[in-house]
J.: 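Sending over a structure as C-alpha cells; questions will come in a sec.
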2 protein chains.
Amino acid sequence: MPYRYLLLSLLLSLLAHRGLADDGYRLWLKYDQLPDAGQRKVALRNTRFIAVPTNASATLQAAARELQTGLQGLLGQAVPVGGEARGKGGIVLAVAPDPALGREGYRVAVQDGNIRISAATDVGVLYGSFALLRHVQTGQPLAGVSLSSQPKIQYRLLNHWDNPNGTVERGYAGSSIWKWQELPEVLDPRYQDYARANASIGINGAVLNNVNASPRLLTAEYLRKVAALANVMRPYGIRVYLSVFWAAPKVLGGLPTADPLDPQVQRWWTAKINEIYQAVPDFGGFVVKANSEGEPGPQDYGRTHADGANMLAEALGQHDGIVMWRAFVYKAGPNGDRFKQAYEEFQPLDGQFDPKVLVQVKNGPIDFQSREPFHPLFGKMPRTPLVLEVQLTQEYLGFATHLVYLGPLIKECLEADTYAKGPGSTVAKVVDGSLEQHRISGIAGVANIGSDRNWTGHPVGQANWYAFGRLAWDYTLTAKAIAQEWTQMTLTRDPAAVPTIVQLLDQSRSIYVRYTTPLGLHHIMGQTLHYGPEPWLAKSARPDWTAVYYHRADAEGLGFDRTAQGSNALSLYYPPVQQQWGTMATCPLNYLLWFHHVPWDYKLSTGRTLWNELTTRYYTGADSVQWMQKQWAQVQPAVDPALHADVTARLRVQQREALWWRDACVLYFQTVARRPLPPGLPPPTRTLADIKEQVDTYQLR
Amino acid sequence: MPYRYLLLSLLLSLLAHRGLADDGYRLWLKYDQLPDAGQRKVALRNTRFIAVPTNASATLQAAARELQTGLQGLLGQAVPVGGEARGKGGIVLAVAPDPALGREGYRVAVQDGNIRISAATDVGVLYGSFALLRHVQTGQPLAGVSLSSQPKIQYRLLNHWDNPNGTVERGYAGSSIWKWQELPEVLDPRYQDYARANASIGINGAVLNNVNASPRLLTAEYLRKVAALANVMRPYGIRVYLSVFWAAPKVLGGLPTADPLDPQVQRWWTAKINEIYQAVPDFGGFVVKANSEGEPGPQDYGRTHADGANMLAEALGQHDGIVMWRAFVYKAGPNGDRFKQAYEEFQPLDGQFDPKVLVQVKNGPIDFQSREPFHPLFGKMPRTPLVLEVQLTQEYLGFATHLVYLGPLIKECLEADTYAKGPGSTVAKVVDGSLEQHRISGIAGVANIGSDRNWTGHPVGQANWYAFGRLAWDYTLTAKAIAQEWTQMTLTRDPAAVPTIVQLLDQSRSIYVRYTTPLGLHHIMGQTLHYGPEPWLAKSARPDWTAVYYHRADAEGLGFDRTAQGSNALSLYYPPVQQQWGTMATCPLNYLLWFHHVPWDYKLSTGRTLWNELTTRYYTGADSVQWMQKQWAQVQPAVDPALHADVTARLRVQQREALWWRDACVLYFQTVARRPLPPGLPPPTRTLADIKEQVDTYQLR
C-alpha cells in the first residue's frame, strides 16, 4: 500500500473508531489547528523554539510543555524546547524580579527578536504562557505581541461540594472527580487536566470537599490522598484547601468538646494542622460552615463565629494558610426575615477576626437565586476581608439542562455599588480589598465540575467555570468579552457564528430569570431538589424553606415588603441604596418584589400593571427559549456536530421546562390574583393539578 | 505541503491532542487493526461486501453497521454495504426459518462462496454478526468459518442498582449512566454503545433501576424517559425492565392500601401496566424486592410473596412480560441463621406461583460473599423457574481497586451439583430450566457499570461484564476460555502476553478469597460500606449485620456450625451434599467454616492445624498480590501504556489493602485463638488498634 494511502487509512480508522466527535473533554484548551494557513505561517516564524532555563522547576516545565502542545496543535508543527534561545523568532521563558507585576502577574513582549514571557515567579510565567496561547487561540497576531496583567484578587478558589462517597452536593455532571477510594496510588489523568484548565484562567486554589464536611478528610488515611492530589496540582500553582467539620476534635480526637476556647481543643487543632502541613507543605487553609443548616459550630458552646475562626487561625501558627469562615447562616421564624440573619450575626463581629481570617459571603442575601441584590454585608464589615462566594453549579438555574451563562450574574454583583465610601464603592472593590487596603482578598466559585466526560454536563456550563476564573483574575473584563474568548477557544472560530453564540450566551441569564422568577421573585422552586417550580409550597420543616414565605402573594398583591413598613431589611444597606430601592417608583424592576409588596394593579414603569407585566414576562421568557433555539440552529455548520446536537437536545429540555415554569407560576399566581391574562396571552392548556403532580414526582425518593 | 505530509501532520496532531491513549471506553469492541498483514489480506478476500436485505429492520441495519465498522477497523479497509450479494467473497445476512436455532440462535457458514450469517430472527443475525467479529478479533481464520450457537437461558439480564438521583447503590464506577434529568430529549451516545456491548455478548434485557426502587420510575414523567431508552436499545435486542416499589398504588395512586388481594390495587396495577406498554410496547417486566431490608411488600397485609407476585403477573395480562420476585429476604435473630431464611420463606411456596413468575435467587445463601456454597433453594423449588442472580459490581470483592475476575466464581455456582435428581443436577440445569422442563428461564447480573469513561472503574472489571454475558448465553464455556477471548479483544493480541494475563485473571479470585476470607470465612468486612476488614464487629442494628455472628470465633475454634448440632442449615440441601459437607473430614476446605465450628488445633487435610492454615493463607494470599504485580509488569510492552499504568496503580492499592486485611484478621483472630503465628510468618508491624482506627475512618460520614 502506498505510504499516503496507509496514512489516509490510519487517519480514517482513527476517526471512525476512536470516537473523535468533540466530547468536550478538552474544555477551552482545544488547540485545534488555526484554519488560516497564512496566519499559521506568520505565527510559526515567531515560535521557532521555546527556551526554558535548564533545571527549570516543575511549573516552568509545565509552561513549556503547554506551549509546545498548544502551538503544535494550533500551528500544525512541532516546536522544539531547549535550554537557551537559539537566535531569534522563538519564545523565551524568564523569571526576573519585576515589582510592577506582583507575585502572579506576567508580561509578554517582543524583546531581542524573541517573544519573552516574564514574571517575578514561575507561576507568573505559567500564567503568561496561557495568556499567549489564548492570544493565538483567539486569532490574534503574534507580531509585536504585548500582554501584561496581574490578578486583582489574591485567593481565587473553586469550592467543590464533593463528598467522600463520590457524590457531589448540588452537582449535575456525574460524580466527584476525586476518586478517593483509589487514591493515593491511582492518579486519574483528569487531575492534571483539571489543574491545567484552572491554571489557564488563573484559579490558584481548590477546596476539595463539601462545606457540609466529612471528618474523614482530616484523618491520616485521607491526608495521604489529599497529598497525592496536591502533588499533581502544585506545578500548576494550585494549592489545596479543605472544608472542616467543626466537631472533628470530638469525632476524631476523642475529646469531650469542640469548644474553641478549650485548650485541649486548641492543642488538637495545632497538632492536626502540623500533620496536614507535613503531608502538604503548601496547604492553603480551611473553609468552615459552622452553625448553619445543622452543622456543628462554636455557638454550640456559647462562643461566637469569631472565637471559632480565630482559634483555627491561631492554630495555623506560622504556616501560610488562611481561614475562610462562611457567613451563610439563617434561622428565621415566620415573622423574621432570612434576608437579615447573616448580617445580624456577622456585622457586629467586624474587627474581631484574626488577620488570617476572611469571612465568606454569598453574592446575595438568600441563596444563589437567579437574581439577588448584593449581600448587605458587602461594605458593612470594613475591618474584615470578605470572600465573595458565587455558585457555578446551577442549583437554582436549571441544573445541567438550561443554557445559562453566568458571566452577567457575577458581573452584576461585582459592579453593584455599596456606597460604603461614597459612589463607586463597588462590591468588587470591597472584595479585592482596595476599598479598605486589606492585605488579603479572595473569591470563591462553587464548582460545576463532575466526572462527566465534558466536565460540566451542559457543554456551555464550561463557560461558567471559565468566566469565573477570568473575572476572579480581572473583574474589569466584560461578560461579553469573556463569552467571546470562550466561544472562540471552545466552540468555533467562524466569524459569523461567534457573535451569534455570544449574543445567545449574553442573553441567556436574563431569559432564565424571565421564565422562572421575573421582577424580583425568588425562592419559589421545587423543594429539596430545587428543581422546577413550586410557588404553592406553604409547608416545610422551616417556614423559610417554603415559597409563600418569599413571594407573599395575597389578594392585594405580590412581593416581600422589606421597607421600614415591612422587615426593614433595606436598612442594612447604605442610604443611597435604601433610597433607590426603598420606593416602588424608583426600585429597579429586577429587584421590585425583593423589597416591595406591590398591588396587582400597580402601574409599573413599563406602562403595564404588575399582574400584566408579571404574566407577560413569563410568556416572553418562555418564548425567548425558542429564540435561543433558533440562534443555536443558525450556527450548526460552524460547530462540531456531536456537540451541536447535544446542546440542541438540551435546549429542547429547556424549552419544555420553561413552559412548565410559565404555566405553573401563571396558573398559581392567578389563583391568588384572580385576574385574567392580558389580551394576547393564550391560557395554559394544562391544569395546576396536572403540574403539581408532575412537580411532586421529583419529591419521591 | 505535500499531501502525505499533510496527512502525517493531521495524524500526529490527532494523536497528540485528542488523548488517544486507550481510555477503555470501547470495551472489547475495539476493532484495532490486526497486526498480521497476511491475515488481513486473506480476510479481506472474504469480506468484499456486506449484503443486507433492502428495507432491513433497524436490527439488521445495526448488524450490518457493526460488521462494517468492525471489519474496517480490523482489516484497515472499507467494506461496502449493499442490498444484494455482488458475486462471491462477501458476507450475506439472511433471516430464514431454522427450528434448530431457536429464536435467538445463529449460524455462520460458507455458502455459495459467501459467508452467510443466518438466523430465524433479526436479532439472531445480529448475534451471529458479533460472533463473526469476535472470530476475527481473536485472530481466527475466515476461510471455511463455521459457527453456530443458541442461548441456553432465555432471559439474560443486567440489573442496574441505579437511583433516579444519579447514584448507584454499591456502584464503584462513577454515577449512573442513565441521565434521568436530561431524558427523554438528550440521548447520551453512551446508551447506544451500552446496547452494542450488551448485544455483542448476548445480554437481552436491562433492569434500569435499583431494586430498592423509587416510585418515580412508574410516573408518566419517567415513563417518557424509560421509553426513550427503550427506543435506543430495541434495535439491539434489549428490552427494558423496571424494579417496582411495592407501595406505588399508595404513593402514586392515592389508594389506602397496596394489598395485592384488594381489587382497587389490582385495577391500579392493570392500568399502570397498560400505560407502560403504551409507552414501551416491548417492555420486559418487573423485578421486585419486597419485605426485604425495610422495603414494603405483600406481607405488610398478611399476604405471601406468591400473592404479590401473582397479582402482578395477572395484571400483566396478555402483555409479554414477566415478574422476577427476589428471594433475598432475611431477618435472623441472634439464635437463628440468616442462611436459612430465604429457604424457609420461599420453599413452601413452590407450586403456588403464576407461570409468568420467576423467583430470583442469589448464587449463595448470604450475600455475594467472595465464596459461598450454592443457595439451597436451587433444586428445591422444582415447580418454579429460578433466576440466578450474581453480582458483577464488587461490593464484597474489592470495589474497583482489586483485580478480581469473576468468571470462576460464576462457574463454581453454575457447576455445583444440587443432586435434586441425582448426580449431575447442576445449578446450571436448574437455572436453564432443563432439569424440570420449564418454559422460561433467566439469569441476572448486578451490573458494575457506571459513568466512568471506562465503564467499570477497574479496567479488568469489564471482563466481569463480559464473562457474565458469555456464561448467560453458554455456561459450558470455561472461565479461562472467556478470559482469553476478552483479553485478546480488549488488552492485547501478543501471543506471549495473552496466557500471562489469562493466568492472572484465572487466579485472581482465589487470591482475593485467600487474603480476605480463607477456608469459608464470610461476612467479616467493614460495616455499611462493606469496605475493608472488620472481623471484630460485634454490635450493629441487627445481629446478622455483625461479623462475630458469622465467624463465631471463641477459645475453642472458629466457624459457624450449620450441622445438625448447630443451626442445621445443612439439612436444606439434598443428602449427598449434606454428607459431603456435613463432616469436617470430608467438607471441602473452601467451605469448611461455612458449616463447622472447627477447633483451632484441628488438623486439616493440608497437614496444618486450622490456626496455622488460616494464618498461612492470609500470608500467602497477600504475597500472591505481589505475584499478580509481577505478572502484570511482564506484559507491559504488549499493553497500551495508559491502560497498563492504570492497572499497575490499582494493583498497588490492592497490595496495600491485602496487607491491611491480612494484618487485621490475623491480629484479631489471634486475640481469640491466643496462639503464636506459625514459624516463618513475620508478625504484623502495626497494632490492631491502629488498624481499627483506619477501618473506623471509613465509617465516618
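Bear in mind that the values here come from a model prediction, so they are computed numbers and not experimental data. The chains referred to below are lettered A, B, ... by the order of the sequence lines, with proteins before strands, and numbering in each begins at 1.
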J.: Look at the side chain of Q68(B) and the backbone N and O of V79(B), then say whether any donor-acceptor pair between them is shorter than 3.5 Å.
T.: yes
J.: With no hydrogens and no angle check, is any side-chain donor or acceptor of R26(A) less than 3.5 Å from a backbone partner on Y31(A)?
T.: no
J.: Under a 4.5 Å heavy-atom cut-off, does chain A meet the side chain of Q694(B), its backbone, both or neither?
T.: side chain
J.: Sequence neighbours left out, what passes side chain to side chain contact (heavy atoms under 4.5 Å, CB included) with T648(B)? Give chain and number order.
T.: W632(B), H644(B), R652(B)
J.: Looking at A400(B), G166(B), S214(B), S451(B), which has the largest count of heavy-atom pairs under 4.5 Å with chain A?
T.: S214(B)
J.: Run the numbers on R170(A) and H530(A) for side chain to side chain contact (heavy atoms under 4.5 Å, CB included), then give the verdict.
T.: CA-CA 9 Å; R170(A) 309 301 176 186; H530(A) 298 173; 3.4 Å; yes
J.: Indicate whether the side chain of Q394(B) and that of H402(B) have a donor and an acceptor atom separated by less than 3.5 Å.
T.: no
J.: Which residue pairs pass the salt bridge (Lys or Arg N to Asp or Glu O under 4.0 Å) test when at least one of the two sits in residues 689-701 of chain A, sequence neighbours left out?
T.: R701(A)-E295(B)
J.: Are the side chains of K179(A) and V186(A) in touch, meaning some heavy atoms are under 4.5 Å apart?
T.: no
J.: Does any part of the side chain of T401(B), heavy atoms only, come nearer than 4.5 Å to the side chain of R656(B), both counted from C-beta?
T.: no
J.: Test your reading of the model: is there a side-chain donor-acceptor pair from R650(B) to the backbone of E182(A), 3.5 Å cut-off?
T.: no
J.: Which atoms of L29(B) are under 4.5 Å from chain A, going by heavy atoms: the side chain, the backbone, both sets, or neither?
T.: neither
J.: Taking 4.5 Å as the heavy-atom cut-off, does anything in residues 215-223 of chain B contact chain A, and if so which residues?
T.: P215(B), R216(B), T219(B), E221(B), Y222(B)
J.: What option among N212(A), L529(A), D193(A), N165(A) has the most heavy-atom pairs under 4.5 Å with chain B?
T.: N212(A)
J.: Where does L183(A) contact chain B at under 4.5 Å (heavy atoms): side chain, backbone, both or neither?
T.: backbone
J.: Could you tell me the separation between the OH atom of Y191(A) and the CG atom of N231(A), rounded to the nearest 0.5 Å?
T.: 13.0 Å
J.: Taking side chain to side chain contact (heavy atoms under 4.5 Å, CB included) as the test, write out the residues that go with A37(A), two or more places apart.
T.: R40(A)
J.: Quick one: what part of R190(B) sits under 4.5 Å from any heavy atom of chain A, side chain, backbone, both or neither?
T.: neither
J.: Which bit of Y698(B) is near chain A, if near means a heavy-atom gap under 4.5 Å: side chain, backbone, both or neither?
T.: both
J.: Checking L252(A) against chain B: side chain, backbone, both or neither under 4.5 Å from a heavy atom?
T.: side chain
J.: Measure T697(B) against the heavy atoms of chain A and call it side chain, backbone, both or neither at under 4.5 Å.
T.: both
J.: Identify which of N163(A), D646(A), D452(A) forms the greatest number of heavy-atom pairs closer than 4.5 Å to chain B.
T.: D452(A)
J.: Given a strict heavy-atom distance threshold of 4.5 Å, which part of D188(A) is in contact with chain B: side chain, backbone, both, or neither?
T.: neither
